[in-house]
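Quick note on labels: first sequence line is chain A, next is B, and so on, each numbered from 1.
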Number of protein chains: 2
Amino acid sequence: MAKTIYLDNGATTALDPKVDETIKNAPYGNPASTHSIGIEAKRALEEARHVIAKSIKAKDNEIIFTSGGTESNNLAIKGLAFADNKKHIITTKIEHNCVLNACKWLETQEFKVTYLDTDKEGFISLEELEKAITEDTFLVSIIHGNNEIGTIQDLKQIYNICKKHNVIFHTDACQSYTKTDLSAKHADLITLNAHKIHGPKGVGALYIRKGIKITPLAHGGNHEEGLRSGTVNVPGIVGFAKAVQIAKKRHVRYMAKLRDYMIKEILKIPKTQLNGPEKNRLCNNINISFRYIEGESLGSFLDAKGICTSTGSACSSHSLEPSHVLMALEDNHERAHGSIRFTLSKYTKKEDIDYTLAEIKKTVKKLRRLSPLARV
Amino acid sequence: MAKTIYLDNGATTALDPKVDETIKNAPYGNPASTHSIGIEAKRALEEARHVIAKSIKAKDNEIIFTSGGTESNNLAIKGLAFADNKKHIITTKIEHNCVLNACKWLETQEFKVTYLDTDKEGFISLEELEKAITEDTFLVSIIHGNNEIGTIQDLKQIYNICKKHNVIFHTDACQSYTKTDLSAKHADLITLNAHKIHGPKGVGALYIRKGIKITPLAHGGNHEEGLRSGTVNVPGIVGFAKAVQIAKKRHVRYMAKLRDYMIKEILKIPKTQLNGPEKNRLCNNINISFRYIEGESLGSFLDAKGICTSTGSACSSHSLEPSHVLMALEDNHERAHGSIRFTLSKYTKKEDIDYTLAEIKKTVKKLRRLSPLARV
């Protein structure tokens, strides 16, 4: 294989060498220790916390470090469920599986969950959200930037409705963090993680607005304000902060430009459709349905040419079930099966995209020639 | 400060450079992705799983990776509690805080917990354990090597009692892993972690005997057999496996010899007492009570000389409460307050111990001169 073109940065990203260097030089001590080695680790931890807090205009003590996005989402949703007397949650049909499955589990524990529909571009209806809120609603959890189709919801408007009804608002910002103007002013709980932004795996954070009560998932030595026990992964956290510090707005502009170019070129292929919106879309997300073609087949052919893509969220890509997100948009198995996701990073080059476009064109032509449906 | 002598390896350890190198070279892909980069990561993950499984004579699919010991302990205890209809747990008074606090939280959720006493060396009574088992008992959770006083329980005998009564046995082996002959033959659930054995922070594992049902704490994309969702931290896990591979029996013998030397020399100081047993003791643990002296004072003086020690488990070392472990052994505040823990590693040198011994002797003399109690 000549080279590898990695267009699956929505699944995970390569570590930035600067982050790697930072992790390597991080102190190894346990920040809970009171001796000099511990104090050095504690200082590095608190500096990292400040970087993360500042990046979303939060206070330092509103940031809790976790092992990643899935843990943060579970901690936010279940932690609040166990700490509150109310029993109703509102979320959407296009959440990441960790939010959906946390909610489904809570349904087995006597909670009620409303799953909001979206329009065909993946946007929720603010009217429907407001209508769904009852006296028993304690939480609204809505993903910020959708991992599959890139739709970016308007957090400010959602939060205004939640505040009006005194309901806590959580957003999963794993995909949008550092790629949008994410602010703690527009949510009570925000899930963040490191490995989508060239930071280390196994590190995430949860912003918890001061005053909100959460029951921990992991009880123990009362680390992280008692909300997340376990020896704190200082090197990983310091690496996370570095990844945030080196994420620049120019990277976002660069990715958005490449994204728009790629979308424009792919849509020149007949019977292709962009999934998700053109505007208010994650800067690195391209999701396309090719009629008459299985996404898995196209993905496999591209993989054979060294091009890594995704036919769903990475979490469920071993499953051949159609994407629950695409299915929520429109009940159309063909569209869902025929979709493929390309997610860019600051490392993606225009020549990689051109190579990919050429391979897509060839492969789509070949696969359609084989498709009985295309010949009808 | 001339140099730093790190004698707090029970709190955490420095990364072995070989582990660091392994992590650096680990694939960055998401093992849930189906393309070549994902497959490469999946392969590395499964190789690492095999190393961990083999190290405790378990099957590969009985090992679930987590973010560390605290998460593994919480997953074992709460995961089983949520999956079982019975309501009674047996544990001990000398568990790590994460086991104790998980149990205490379950008591608020209508579970009942028996906290077994130990003898003055920290060993549980097998008779008392058997007597405590009722029809409603579903879990016995007992720490293997105690983190504070080093007592190593006899897992085989405990497991025989549990099997006889059809109760699941979990052990927290964070401190004993690679330092003892730990085997999956002697427990149903075993907690392991990486950062106590020169591996990375933020990585642990739970051995779950095939057939045992556990409710996950983190729901999501169904990673790790559906028991622990979240993008798998492949670099960390690969580093964990490397740490296990390079842990040698000769390191254990080396540490045990240094430990015995240090204990012998310290006990020459009048009115000192070894906490925990002489035999069946973790190879790297030394815990001493110096009468008339506060552990915190001695620790601070040693820290000023560059010697890092602990006056309890690192988790609670910011608290001035006496150690719950020492208090469980004997209701003696003076002994608990006057205790200090030294935990060695394969990197500890005899000259470091000699330097430390000299500083201890000087400091103990000085502090006792200041103590009103010592003058009585």
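- Only the backbone of B:T309 has a heavy atom closer than 4.5 Å to any heavy atom of chain A.
- Closest approach of B:A218 and A:T70 over heavy atoms only: CB-CG2, 4.1 Å.
- If you measure heavy-atom distances from A:T13 to chain B, the contacts under 4.5 Å come from the backbone alone.
- Only the backbone of B:V232 comes within contact range of chain A, with heavy atoms under 4.5 Å apart.
- If you take CG on B:L302 and OG on A:S36, they are separated by 11.0 Å, rounding to the nearest 0.5 Å.
- For A:A102 against B:H219, the heavy-atom pair with the smallest separation is N-CB, 3.7 Å.
- Note that CD1 of A:I23 and NZ of B:K24 are 10.0 Å apart. Values are rounded to the nearest 0.5 Å.
- Once rounded to the nearest 0.5 Å, the distance linking CD of B:Q109 with CZ of A:F82 reads 6.0 Å.
- Looking at B:V203, neither its backbone nor its side chain comes within 4.5 Å of chain A, counting heavy atoms on both sides.
- B:Y28 has its side chain out of reach of A:H195: every pair of non-hydrogen atoms, C-beta onward, lies at least 4.5 Å apart.
- Note that OG of A:S229 is 7.5 Å distant from CG of B:N74, once rounded to the nearest 0.5 Å.
- Within the 4.5 Å cutoff, no side-chain heavy atoms of B:S310 are placed close to those of A:S33.
- Between A:T12 and B:N30, the shortest heavy-atom contact is CG2-N, 3.5 Å.
- Here the CD atom belonging to A:E40 is positioned 9.5 Å from the SG atom belonging to B:C308, to the nearest 0.5 angstrom.
- Scanning both residues, A:K201 and B:P235, for their nearest heavy atoms gives CD-CD, 3.9 Å.
- Only the backbone of A:P216 comes within contact range of chain B, with heavy atoms under 4.5 Å apart.
- Interface remark: A:V234 contributes backbone atoms only to the contact with chain B (heavy atom separation under 4.5 Å).
- Side-chain N or O atoms of B:K78 include one that pairs as donor or acceptor with a backbone N or O of A:L217 at under 3.5 Å.
- By the 4.5 Å heavy-atom criterion applied to side chains, B:I37 and A:D8 are not counted as neighbours.
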